[in-house]
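Below is one structure, written out as structure tokens; the observations come after it.
By convention in this document, chain letters (A, B, ...) are assigned in the order of the sequence lines, proteins followed by strands, and residues within each chain are numbered from 1.
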Number of protein chains: 2
Amino acid sequence: MSKLTLKSVAKTLGVSTATISNAFNRPDQLSVALRQKILSACAELGYFGPNKAAQSLRKGSSGIVAVILSDSLEYMVSDPVASQFLQGVSRELERHQLHLLLFSGSSTNLEAISDFVDGFICYGAPRNLGLIKQLASSPKRVLTVDFDLPGRPSVNIDNEQAAYQSAMAVLQPGDTVAILGLRLIDAADSRPVLDAPLWDNQSSIAHRRLDGYLRAMAECKLTLQPDYLWHIPESTQPHAQLAAKAVLALTPRPTVLLCMSDLIALSAMREALQQGIAIPQQLKVVGFDGIEETLRYHPTLSSVWQFSDAKGEAAVKAFLSAQDSPQLLPYELRLGESS
Amino acid sequence: MSKLTLKSVAKTLGVSTATISNAFNRPDQLSVALRQKILSACAELGYFGPNKAAQSLRKGSSGIVAVILSDSLEYMVSDPVASQFLQGVSRELERHQLHLLLFSGSSTNLEAISDFVDGFICYGAPRNLGLIKQLASSPKRVLTVDFDLPGRPSVNIDNEQAAYQSAMAVLQPGDTVAILGLRLIDAADSRPVLDAPLWDNQSSIAHRRLDGYLRAMAECKLTLQPDYLWHIPESTQPHAQLAAKAVLALTPRPTVLLCMSDLIALSAMREALQQGIAIPQQLKVVGFDGIEETLRYHPTLSSVWQFSDAKGEAAVKAFLSAQDSPQLLPYELRLGESS
DNA sequence: CTGTTAGCGCCTTCAT
DNA sequence: ATGAAGGCGCTAACAG
């Protein structure tokens, strides 16, 4: 059989193309009986409805939403926090009969997919700065999560305040503090920040968290020695372990580890326990994010829970709403055995 | 400024639309100098090239490949095996400048996206059987992974043989065997299979694995008591723990646990150790899949490693190739401390 | 309630 | 090396 199109189907059924189109898209435009007849005839023929690509060209919307990940897809999919977020996004999208196009933040050509989607949900500032420009000037709807783009709606938590509170919950006079930071500078390996230039201070959640830690330390009259602030490029075991080893070898040894992700905190605790350091007696550890694995670990981790699943859901809702105001989501400080 | 189209750009540059089109798509059709001039003028204007949606309508291909997940996106993203697979897929797709549309296997309307994509890579038999029919009759390229569709290319490992080998590696005369199976029957909770009808025996990897286990047991002159075969709906801690608890409470207590995923095996080991059962002295455990977490666990798990990342890569290559022959990927039996 | 028509933005002969 | 024209499959406005 030849290709089934609106036109060909109309011809074989002996009606006009508009009628077929209406049967599928605007039931109020024709009688119920005729509509039923047409629909079942189409099912018979194997015609499942108007071609979506043509529809999208004509109507200017496709029912597909792109989620731009900050990193490569490869990495994101393996990070539990990102996965949680995607779970929330996909569930809420499905609820609205929308579809999800995953796009890597390390790609260069947003244009390759821009024309196919109704808009963008950006999870974290894309690693590729070129993307940011393209997004900023896109005529489509753009929602940012965990960072901001001027004039665009966003979904965030108050990272500075959350970090501040988590630090305040553990800091005591006389503590020696080390900070295991996530993506503080532009380097592909774990290393002390020292005087390397901080990476775009404004929008990065890492820097907001750092601000919070530092505010808490100042309030507790503690100072951070240069060596005690580390940059970790990715929340993975090897990178985190390296940094943990390094700061635990410093003299004096830190008594508090402020970690910018739970995965980092877990790796650090593993390393400390391995070295026979008692937690929390000799070392207190605080994480960030809130992932399940920390509940199965012993000691359980004190951390800022930010409910990434709900965040994904909120992101879709904000994307779909007409509202353009920035949105701050709640978080929760949960203390475990590590502090 | 008004909308930028091939036509509008052509007018402002004072050339024909075809010339602009050729500048972007067919460099050989015009002089290098002119092409350069046009391209830079377009960049100046902010025109990033022909509209992809229109291009796709016209040319019939979009550069987007759909990956159909067997389950909801929500679940798949949290499963390390699926994540690994997606990593491989996305990396290889990126290499070819192709894009990834993630589609949930629990959706009903494949048609919603069918017209936007160049084809489908199906990871596991979709839970929604309606999808299978639609895929079977799709005019687009369809590649299946971990199951088969008549007349379509596929990527698999030899699940039966792998399961057989993994069982043979641990079974000894006198053993009492329990099998913790994944998705053996159509039930949403963990439960003994007993005489519930097995679920579409043909294509399911679970049944191929079961066949392998049973072949090994027969060869070792062992029989499987009805209560000792359990169905688990999803590789998650709660479902797996429930089943593990149940089979460990049987009399006689199993001395071997054959598990259809590493996640299940880990949960089972956790439960056994909690009960003070010594592994492998009192209980030997074998998993399936090969995930990193088993290497960090003590005891390390004996398992069939199937390199899901490479599988994802192979899937894309097979999808892109003209070859329609089924492909069997290698796997590796790796023995750990659990057997 | 139904049919006709004019594009949505583009690519590709075909002629120049 | 370039310009004009037809059509990919569909929808919305309009006329009947």
Whole-Å distance, Gln55(B) CD to dC8(C) C1', equals 15 Å

Rounded to whole Å, NZ of Lys37(A) lies from P of dC1(C) at a distance of 14 Å

Asp324(A) meets the side-chain hydrogen bond (donor to acceptor under 3.5 Å, both in side chains) criterion, sequence neighbours left out, with Arg141(A)

Worksheet item: Asp115(A) near the nucleic acid: base, sugar-phosphate alone, or nothing, with a heavy-atom cut-off under 4.0 Å?
Response: nothing

DNA chain D nearest-nucleotide lookup for Thr5(A) and Leu30(B): closer to the 5′ end is Leu30(B)

From the candidates dC10(D), dA1(D), dG3(C), the one with an atom nearest any side-chain atom of Leu34(B) is dA1(D)

- Message: Under 4.0 Å, heavy atoms only, any strand: does Ser31(B) hit a base, just the sugar-phosphate, or nothing?
- Response: sugar-phosphate

Donor-acceptor contact below 3.5 Å, side chain Arg152(A) vs main chain Leu143(A): no

Side-chain contact check for Arg58(A): nearest option of dT2(D), dG3(C), dG9(D) is dG9(D)

Rounded to whole Å, the CZ-P distance (Arg35(B) to dT2(D)) equals 13 Å

From NZ of Lys52(B) across to P of dC10(C) the rounded distance in Å is 10 Å

Q.
Please classify the nucleic acid contact of Tyr47(B) as base, sugar-phosphate, or nothing, using heavy-atom distances under 4.0 Å.
A. sugar-phosphate

Would you tell me if any nitrogen or oxygen in the side chain of Thr19(B) comes within less than 4.0 Å of OP1 or OP2 on dG3(D)? yes

**Request:** Would you confirm whether Lys140(A), through its side chain, and Phe120(A), through its main-chain N or O, come within 3.5 Å as a donor-acceptor pair?
**Result:** no

Worksheet item: Is it true that atom CD of Gln323(A) has more than 12 heavy atoms of other residues, nucleotides or ligands lying nearer than 6.0 Å?
Response: no

Mind checking Leu6(A) for me? I need base, sugar-phosphate or nothing, with any heavy atom below 4.0 Å counting as a touch. base

Here the distance between atom P of dC10(C) and atom CG of Leu4(B), to the nearest Å, is 10 Å

message: Is Ser21(A) close enough to dT11(D) that one of its side-chain N or O atoms is under 4.0 Å from OP1 or OP2 there?
response: yes

Whole-Å distance, Arg26(A) CZ to dC1(C) P, equals 13 Å

Among the nucleotides dT4(C), dA12(D), dC10(C), whichever has the atom closest to the side chain of Ser16(A) is dT4(C)

Between CG of Leu13(A) and P of dT2(C) the distance, given in whole Å, is 13 Å

Closest to the side chain of Asn51(B), out of dT12(C), dC10(D), dG9(C), is dG9(C)

When rounded to whole Å, the CG to C1' distance for the pair Leu57(A) and dA12(D) reads 14 Å

**Asked** How would you label the contact of Asn25(B) with the nucleic acid (heavy atoms, under 4.0 Å): base, sugar-phosphate, or nothing?
**Response** sugar-phosphate

Classify the angle between the aromatic ring planes of Phe24(A) and Tyr47(A) as parallel (below 30°), tilted (30 to 60°) or perpendicular (above 60°). perpendicular

